[in-house]
Structures are given as C-alpha cells and as structure tokens.
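These notes are about the structure you will find just below.
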Amino acid sequence: PWRRSYHKRKKAEWEVDLDFCEEVKQTPPYDTGTRLLDIMDMTVFDFLMGNMDRHHYETFEKFGNETFIIHLDNGRGYGKYSHDELSILVPLNQCCRIRKSTYLRLQLLARSEEH
C-alpha cells in the first residue's frame with residue numbers, strides 16, 4: 001500500500017493523507033490476520049538496510065491471508081550509508097503498530113555495550 005509514486009508532481013496517497021493507515025486497516029488482506037504487522041516488519045527491515053525502493057512484496061497464494069511476506073526486491077538496499085531515509089518509516093508512523101518481538105529486538109540493537 002505504501003508504494004512510492006516516482007512522479008515529480010503527483011504524490012502517492014500515503015504522502016498526503018496522514019490517516020492513510022486507517023483506510024489500509026479496513027482493506028483485505030490487511031484487515032485480518034498478521035499481514036499489517038508483516039508490513040511493519042518489512043518497513044523496519046527496509047529502513048535498516050536503506051531500501052527505499054520497495055515496489056511490492058510476494059506471498060504464497062496457496063496459503064491465502066495466513067501466509068507470510070517474501071522479501072524479494074532488495075535491489076537498492078544499502079544505498080547511502082551516511083543518510084537515514086525517514087520516509088521509509090511512514091507505515092510505522094501512520095499505523096503506530098509493531099510486533100512486540102520486533103520492538104524488543106530493536107531495543108536490544110539500540111543498547112550500547114556495557115563494559
């Protein structure tokens with residue numbers, strides 16, 4: 001849902017509608033199951049590797065909405081090491097949801113080494 005428009009003058013809906021997630025949360029397959037949380041995990045993954053070029057994701061159709069997201073398009077990952085592209089985190093910001101396990105893992109990564 002959070003595709004970039006790549007158009008100079010026309011922005012994507014999520015770029016202009018701060019409540020875009022409310023619409024997403026009511027749309028299948030994000031309205032049930034874990035798909036929305038999977039998107040949030042993918043957002044964290046993309047931010048950590050600097051991939052702001054996520055066009056789409058794949059799933060196993062056989063499993064329906066009970067499947068998991070397959071991260072295939074990582075072509076522009078590890079882009080600019082000196083710049084954190086915060087727009088990658090827009091889904092997290094708009095939805096304000098994250099798996100507890102993902103949050104706890106990020107907390108571990110954020111801790112400084114204790115001597």
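- The CH2 atom of Trp2 sits 7.0 Å away from atom OG1 of Thr43, with the distance rounded to the nearest 0.5 Å.
- Note that the CE atom of Met40 and the CG atom of Leu89 stand 10.5 Å from one another [nearest 0.5 Å].
- Between Ile69 and Arg35, the closest side-chain pair of non-hydrogen atoms falls below 4.5 Å.
- By the neighbour-count criterion of 12 heavy atoms within 6.0 Å, atom CZ of Arg99 is densely surrounded, having more than that number from other residues, nucleotides or ligands.
- Counting heavy atoms from C-beta outward, Arg9 and His7 have side chains that approach closer than 4.5 Å.
- Of all heavy-atom pairs between Arg3 and Ala12, the closest is O-CB, 3.5 Å.
- Residues Pro1 and Tyr30 have side chains in contact (heavy-atom distance under 4.5 Å, counting atoms from C-beta outward).
- Note that OG1 of Thr102 is 12.5 Å distant from CZ of Phe45, once rounded to the nearest 0.5 Å.
- Side chain of Gln26 to backbone of Asp31: no donor-acceptor contact under 3.5 angstrom is found.
- Hydrophobic clustering (ILVMFWY, side-chain heavy atoms < 4.5 Å, transitive): Phe20 and Val16 are in distinct clusters.
- One hydrophobic cluster holds both Val44 and Leu104 under the rule that ILVMFWY side chains link at heavy-atom gaps under 4.5 Å.
- The sulfur atoms (SG) of Cys96 and Cys21 lie 2.5 Å or more from each other.
- More than 12 heavy atoms of other residues, nucleotides or ligands lie within 6.0 Å of NZ in Lys25, so this atom counts as buried by the packing criterion.
- Formation of a donor-acceptor pair under 3.5 Å by the Thr27 side chain with backbone atoms of Glu23 is found in this model.
- Minimum heavy-atom separation, Arg4 to Ser87: NH2-OG, 2.7 Å.
- Put simply, Leu86 and Leu18 are part of two different groups of oily side chains (I, L, V, M, F, W, Y) that touch within less than 4.5 Å, one to the next.
- Of all heavy-atom pairs spanning Ile88 and Gly50, the tightest one is CD1-C, 4.1 Å.
- Placement of Leu37 and Leu106 in two distinct hydrophobic clusters is found when ILVMFWY residues are connected by side-chain heavy-atom separations under 4.5 Å, directly or transitively.
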